[in-house]
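We're numbering straight along the sequence, starting at 1.
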Amino acid sequence: MREFSDFKPAHIAVKNLRLRTYIGFNDWERKKMQDIVISYSFSYDSSNSTKKDDIDYGINYKTITKKIIGLIDQEKFDLIETIAEIVLNTIQDFSLEIYNIEVQVEKPHALRFTDNVMVIAKSSERYKKAMIALGSNIQPEQNFAKAIDLLCASVSIVKKTDFIHTKAQKDTNQTDFLNGALLVYTRLSLPELQRELKKIESRCGRIRTENKNAAREIDMDVISYNDIIIDQEDLDTFDFLRDFWKELQ
């Protein structure tokens with residue numbers, strides 16, 4: 001995970017994608033194609049893409065737009081809300097690095113005396129599910145309590161595992177760890193949640209050194225986000241993490 005001080009948000013907007021589709025539930029609307037206008041925007045951390053000036057490290061909005069066209073153009077829908085949902089999910093599924101998605105779908109001249117009718121869908125207003133793992137071997141009970149209290153400002157905890165003691169596995173010359181995991185719901189995107197965890201670690205007194213396996217006040221990692229495993233290697237390496245993940249499903 002990159003340091004949150006390196007975070008460089010970029011905001012991408014695609015305006016007025018004009019498509020034709022069958023839209024509406026009236027008989028004539030099911031037989032005649034109409035215009036719809038789609039606009040969308042999102043944010044992502046552009047620190048790598050701008051540094052390397054390489055689309056392979058960025059978000060290719062041309063590819064996203066082609067996906068949207070393939071799913072919407074000349075298809076049949078009753079509601080523009082359905083179109084907005086498809087577009088939002090298409091963008092969200094493209095990359096977990098994307099956040100702050102906003103989709104606007106317009107149906108021109110849908111009502112008399114109006115220019116158009118539109119629906120707006122925002123990812124920031126929706127809750128996402130995440131599993132967060134915690135570990136500490138410096139005043140672990142105290143730091144667990146403090147970290148969880150700080151975390152509650154941005155998430156709702158719906159379930160937690162028992163907190164167990166485990167042996168240090170990579171740098172074995174240190175005291176045992178207290179480990180546990182939380183199932184939470186949050187409106188934060190994955191990048192936002194990861195940055196929030198970094199901030200909480202700092203507030204609990206953690207100072208990062210070159211030894212990533214050294215003793216620590218608190219370690220907090222997102223194990224899964226909306227049921228997508230973020231770090232398969234950790235689950236494969238640590239049996240207790242795999243047990244936590246299964247328990248919280």
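Distance alone, capped at 3.5 Å, places no donor-acceptor pair between the Asn26 side chain and the Glu29 backbone. Between the side chain of Asp45 and the main chain of Ser47, a donor-acceptor pair closer than 3.5 Å is present. For Ser202 (side chain) and Lys198 (main-chain N/O), a donor-acceptor pair under 3.5 Å exists by modelled atom type. Side-chain N or O atoms of Lys128 include one that pairs as donor or acceptor with a backbone N or O of Arg126 at under 3.5 Å. Counting only distance, with no hydrogens or angles, the side chain of Ser43 and the backbone of Pro9 share no donor-acceptor pair below 3.5 Å. Not one N or O on the side chain of Gln249 forms a donor-acceptor pair closer than 3.5 Å with the backbone of Lys246. Side chain of Asn137 to backbone of Ala215: no donor-acceptor contact under 3.5 angstrom is found.
Evaluation of the side-chain hydrogen bond (donor to acceptor under 3.5 Å, both in side chains) rule for Ser136 yields no partner, not counting sequence neighbours.
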Would you sort out whether Glu196 and Thr186 count as a side chain to side chain contact (heavy atoms under 4.5 Å, CB included), showing the intermediate values? CA-CA 12 Å; Glu196 184 63 24; Thr186 180; over 6 Å; no

Show your reasoning for whether side chain to side chain donor-acceptor pair (under 3.5 Å) applies to Gln104 and Glu102. CA-CA 7 Å; Gln104 178 176 293; Glu102 181 168 327; over 6 Å; no

Go through Leu190 and Tyr99 one step at a time and tell me if the side chain to side chain contact (heavy atoms under 4.5 Å, CB included) criterion holds. CA-CA 8 Å; Leu190 175 61; Tyr99 66 100; over 6 Å; no

With salt bridge (charged side-chain N to carboxylate O under 4.0 Å, His left out) as the test, would you mind laying out the steps for Asp239 and Arg242 before giving the verdict? CA-CA 5 Å; Asp239 291 340; Arg242 189 162 56 252; 2.5 Å; yes

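Interatomic distance, CD1 of Ile59 versus CD1 of Ile91, reported as 11.0 Å (0.5 Å rounding). Between atom CG of residue Leu134 and atom CZ of residue Phe177 there is a gap of 12.5 Å, rounded to the nearest 0.5 Å. Here the CG atom belonging to Asn48 is positioned 10.0 Å from the CG atom belonging to Asp54, to the nearest 0.5 angstrom. Taken from CG in Asp221 to CG in Leu197, the straight-line distance is 7.5 Å, to the nearest 0.5 Å. Taking CG from Leu183 and OG from Ser224, the interatomic distance works out to 7.5 Å, rounded to the nearest 0.5 Å. In this structure, CZ in Arg216 is found 12.5 Å from CG in Asn143, a value given to the nearest 0.5 Å.
Follow the hydrophobic side-chain contacts under 4.5 Å out from Ile101 and you never reach Val37; the two are in separate clusters. Both Ile83 and Leu71 sit in one connected hydrophobic cluster of ILVMFWY residues. Membership requires side-chain heavy atoms under 4.5 Å apart, directly or through other members. Taking hydrophobic clusters as Ile, Leu, Val, Met, Phe, Trp and Tyr residues chained together by side-chain heavy-atom distances below 4.5 Å, Ile12 shares a cluster with Leu88. In the hydrophobic clustering of this structure, Leu182 does not group with Leu241; members are Ile, Leu, Val, Met, Phe, Trp, Tyr whose side-chain heavy atoms approach within less than 4.5 Å, directly or through other members. Ile36 and Leu79 fall into different hydrophobic clusters, defined by Ile, Leu, Val, Met, Phe, Trp and Tyr side-chain heavy atoms under 4.5 Å apart, directly or through other members.
What you find for Ile207 and Glu217 is that their closest heavy atoms are N-OE1, 4.3 Å. Scanning both residues, Asp219 and Arg206, for their nearest heavy atoms gives OD1-NH1, 2.9 Å. Heavy atoms only, all atoms of each residue included: Leu193 and Ala130 are closest at CD2-CB, 3.8 Å. Taking both residues in full, the closest heavy atoms of Asn116 and Pro108 are given as CB-CA, 3.6 Å, listed atom of the first, atom of the second, then distance. Between Glu141 and Leu178 the shortest heavy-atom distance is N-CD2, 4.2 Å. The heavy-atom pair separating Ser154 from Leu188 by the smallest distance is CB-CD1, 3.7 Å.
Asp227 and Lys129 are joined by a salt bridge, as a carboxylate oxygen and a charged side-chain nitrogen come within less than 4.0 angstrom of each other. Ion pairing between Glu201 and Arg208 holds under the 4.0 Å rule for side-chain N and carboxylate O. Ion pairing between a basic and an acidic side chain is recognised when a charged N comes within 4.0 Å of a carboxylate O; Lys107 and Asp35 show no such pairing.
Using cut-offs of 30° and 60° for the angle between ring planes, the Phe244 and Phe240 rings count as perpendicular.
In this structure the side chain of Lys76 never reaches within 4.5 angstrom of the side chain of Thr21, judged on heavy atoms. Side-chain contact between Gln34 and Tyr22 is absent, with no heavy-atom pair separated by less than 4.5 Å. Ile86 places a side-chain heavy atom less than 4.5 Å from the side chain of Thr90. The side-chain heavy atoms of Ile80 and Met118, taken from C-beta on, include no pair separated by under 4.5 Å. When side chains are defined from C-beta on, Met220 counts as touching Ile218, because their heavy atoms get closer than 4.5 Å. Counting only heavy atoms from C-beta outward, the side chains of Phe25 and Arg30 approach each other to under 4.5 Å. Side-chain contact check for Phe238 versus Asn179: every heavy-atom pair is 4.5 Å or farther apart. Contact check for Val105 versus Val103: side-chain heavy atoms found under the 4.5 Å cut-off.
Ring pair Phe163/Phe144: centre-to-centre distance below 6.0 Å.
Side-chain contact annotation: Tyr40 with Thr65, donor-acceptor N/O pair under 3.5 Å present. For the residue pair Thr82 / Glu85, no side-chain donor-acceptor distance below 3.5 Å is found, with atom types taken as modelled. Remark: the Tyr44 side chain and the Ser49 side chain contain an N/O donor-acceptor pair separated by less than 3.5 Å.
Results of the side chain to side chain contact (heavy atoms under 4.5 Å, CB included) test with Ile69 over Leu19, Ile38, Ile64 single out Leu19 as the only residue that passes. If you run side chain to side chain contact (heavy atoms under 4.5 Å, CB included) between Lys146 and each of Ile148, Asp149, Leu150, only Leu150 comes through.
Environment of CG in Asp236: crowded, with over 12 heavy atoms of neighbouring residues, nucleotides or ligands closer than 6.0 Å. For Lys51, the NZ atom is loosely surrounded, since the number of other residues' heavy atoms within 6.0 Å does not exceed 12.
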